[in-house]
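Worksheet: the structure to be examined is printed underneath.
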There are 2 protein chains.
Amino acid sequence: MTSKQEFIEKLRNSSLRPTKQRINICEVLFNRDKTFHFTISDLFNLIKDKTGEKISLATVYNTVHAFHKKGYLKEIPINSNQTYFDTNVTDHHHFFDVKEEKLIDLKNEDIGPIEIQKSIPGKKIKSVEVLVKLED
Amino acid sequence: MTSKQEFIEKLRNSSLRPTKQRINICEVLFNRDKTFHFTISDLFNLIKDKTGEKISLATVYNTVHAFHKKGYLKEIPINSNQTYFDTNVTDHHHFFDVKEEKLIDLKNEDIGPIEIQKSIPGKKIKSVEVLVKLED
DNA sequence: TTCCTTGTTTATAATTATTCTAAAGAAGAT
DNA sequence: ATCTTCTTTAGAATAATTATAAACAAGGAA
């Protein structure tokens, strides 16, 4: 069980005051055992369902973006109309079930090290993302 | 120099009649030496610039989607507000220069084989995409 | 506490990419 | 040439995201 104090700490680290709404967002995002893949719309609906409290969509967007900027959330590169985020911010990859529109974690061991031989002068690697699309 | 006949063939293969507008799209897309990464908006503007002829945005969307469906274009999974396409439909990967918002091809040799150890029952792998984000 | 400043929430409007629509026009077969 | 079917087009509709600005809450200071 993740404690409210941890949520407050995460919020303060992200330069956000710990308000009721933001704590509720944290409850849904971080109070879990397993990694959580979501869109803003998923999160918005879950907050209503889980906490019984109403929240503005704008607040969800703002808070998610602050967490993303701070590194508490990861954005998953997928071609979709919606943006997907992940609470697992460690270096890992994904299956994407195209039909079900569902993401599944791939551990680094499932893929093995990826070694990039090419380099671009003046640029350094920020992240390496592997997306494996699945079909029936 | 790619010939008009090839464009017509590509169009017919995609179940599209070869109209003036679609030939113009082909000119911009396929009459090149190097691979071409673009958004619909890029393409729309280039058609005006290169051919001097006006085209409807809807026609660009429709034609690009038909080519994509047929496999003449590849969609590149990036988190961006816009969708990126690639005229290089061979199996390859990308650098994405986050600052410049620019894509750079990575040959398969630049990365080496990617072996997916995990599998999901009832599903098979449709594609494997590696996206390497670059920063300064 | 109470006051005050600054940050926050919210509903709503604005923006942007994409898709839809339906009428006018072009392609292709006969 | 004629006719049917497909295509183009402008503009409307949709949907995700971002911006706005007024009401409200948090946190510090007195």
Side-chain angles (χ1 to χ4, degrees), chain A residues 4-5 7-29 37-48 51-70 73 75-85 101, chain B residues 4-5 7-29 37-48 51-70 73 75-85 101:
Chain A
K4 191 168 165 183
Q5 272 316 308
F7 300 157
I8 291 176
E9 199 180 327
K10 274 197 164 68
L11 287 166
R12 291 223 188 275
N13 287 341
S14 311
S15 313
L16 296 176
R17 284 185 184 168
T19 63
K20 180 161 58 78
Q21 290 88 339
R22 287 173 179 157
I23 302 274
N24 283 343
I25 293 175
C26 288
E27 287 285 353
V28 175
L29 283 182
H37 303 121
F38 66 96
T39 65
I40 296 287
S41 157
D42 293 337
L43 181 53
F44 178 72
N45 292 320
L46 277 173
I47 290 164
K48 253 193 317 215
T51 71
E53 295 184 50
K54 200 169 167 292
I55 191 172
S56 161
L57 191 56
T59 300
V60 181
Y61 271 101
N62 293 338
T63 307
V64 165
H65 286 157
F67 280 151
H68 176 236
K69 191 175 170 191
K70 185 64 189 178
L73 291 175
E75 199 177 354
I76 305 171
I78 289 193
N79 280 117
S80 165
N81 45 338
Q82 296 180 87
T83 305
Y84 281 80
F85 293 91
E101 289 212 325
Chain B
K4 191 167 164 181
Q5 272 316 308
F7 300 157
I8 292 176
E9 199 180 326
K10 274 197 164 69
L11 287 165
R12 291 224 188 274
N13 287 341
S14 311
S15 312
L16 297 176
R17 284 183 184 168
T19 63
K20 180 161 58 78
Q21 290 88 339
R22 287 171 178 159
I23 303 275
N24 283 343
I25 292 175
C26 288
E27 287 285 352
V28 175
L29 284 182
H37 303 121
F38 66 96
T39 65
I40 297 286
S41 157
D42 293 338
L43 181 53
F44 177 72
N45 292 320
L46 278 173
I47 291 164
K48 254 192 318 211
T51 71
E53 295 185 50
K54 200 170 167 293
I55 192 173
S56 162
L57 192 56
T59 301
V60 181
Y61 271 100
N62 293 338
T63 307
V64 165
H65 286 158
F67 280 151
H68 176 235
K69 190 175 172 191
K70 184 65 189 177
L73 290 175
E75 199 177 353
I76 305 171
I78 290 193
N79 279 117
S80 166
N81 45 337
Q82 296 179 89
T83 306
Y84 280 81
F85 293 91
E101 289 211 327

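Values below: all heavy atoms of this structure, side chains included; hydrogens, waters and symmetry mates excluded. Please read all numbers here as calculations on a predicted model, not as lab measurements. Residue numbering restarts at 1 for every chain, and letters A, B, ... go by the order of the sequence lines.
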Open item on the list: dT19(C), OP1 or OP2 - any side-chain N/O from H65(B) closer than 4.0 Å?
Closed with: yes
Open item on the list: With heavy atoms of chain B within less than 4.0 Å as the criterion, where does contact along DNA chain D begin and end?
Closed with: dT5(D) to dA10(D)
Open item on the list: The criterion is side-chain contact (heavy atoms from CB on, under 4.5 Å); which residues satisfy it with P18(B), sequence neighbours excluded?
Closed with: I8(B), L11(B), R12(B), I23(B)
TODO: With sequence neighbours left out, write down each residue that passes side-chain contact (heavy atoms from CB on, under 4.5 Å) with K20(B), or none if nothing qualifies.
DONE: N24(B), E53(B)
Open item on the list: Is there a side-chain contact between I55(B) and K48(B) in this structure, where contact means two heavy atoms from C-beta onward sitting under 4.5 Å apart?
Closed with: no
Task: Straight-line distance of E101(B) CD to N81(B) CG, nearest 0.5 Å - done: 7.0 Å
Open item on the list: Considering only residues two or more places apart or on different chains, which pairs with a residue in residues 59-68 of chain A satisfy salt bridge (Lys or Arg N to Asp or Glu O under 4.0 Å)?
Closed with: none
Task: Length of the line joining Y84(B):OH and dT18(C):P, which is rounded to integer Å - done: 11 Å
Task: Atom-to-atom span, CG of N62(A) to P of dT8(C) - whole angstrom - done: 9 Å
Open item on the list: Taking side chain to side chain donor-acceptor pair (under 3.5 Å) as the cut-off, I'd like each qualifying pair that reaches into residues 61-70 of chain A, sequence neighbours left out, listed once.
Closed with: none
- [ ] Please work out if S41(B) contacts a base, only the sugar-phosphate, or nothing of the nucleic acid, heavy-atom cut-off 4.0 Å.
- [x] nothing
- [ ] Would you mind reading off the distance between I23(A) atom CD1 and dT8(C) atom C1', rounded to a whole angstrom?
- [x] 14 Å
Task: Sequence neighbours excluded - salt bridge (Lys or Arg N to Asp or Glu O under 4.0 Å) pairs with any residue from residues 54-66 of chain A - done: none
Task: Min side-chain heavy-atom separation V64(B)-I40(B) under 4.5 Å - done: yes
Open item on the list: Restricting to ring-ring contact (aromatic ring centres under 6.0 Å, His included), what partner residues turn up for F38(A), sequence neighbours left out?
Closed with: F36(A), F85(A)
Open item on the list: From CG of D42(B) over to P of dT18(C), roughly how many Å is that when rounded to an integer?
Closed with: 11 Å
Task: Between P of dT18(C) and CZ of F44(B), the distance in whole Å - done: 13 Å
TODO: Can you sort out the partners of N45(B) under side chain to side chain donor-acceptor pair (under 3.5 Å), two or more places apart, ordered by chain and number?
DONE: none
Open item on the list: Quick check against the 3.5 Å criterion: does S14(B) have a side-chain atom that pairs as donor or acceptor with the backbone of L16(B)?
Closed with: no
Open item on the list: What residues from residues 53-60 of chain A pass a heavy-atom cutoff of under 4.0 Å to DNA chain C?
Closed with: K54(A), I55(A), S56(A), A58(A), T59(A)
TODO: Assign T39(B) to base, sugar-phosphate, or nothing according to its heavy-atom contacts below 4.0 angstrom with the strands shown.
DONE: nothing
Open item on the list: Can you list, in residue-number order, the parts of residues 15-22 of chain A that come under 4.0 Å of DNA chain C, counting heavy atoms only?
Closed with: L16(A), R17(A), T19(A), Q21(A), R22(A)
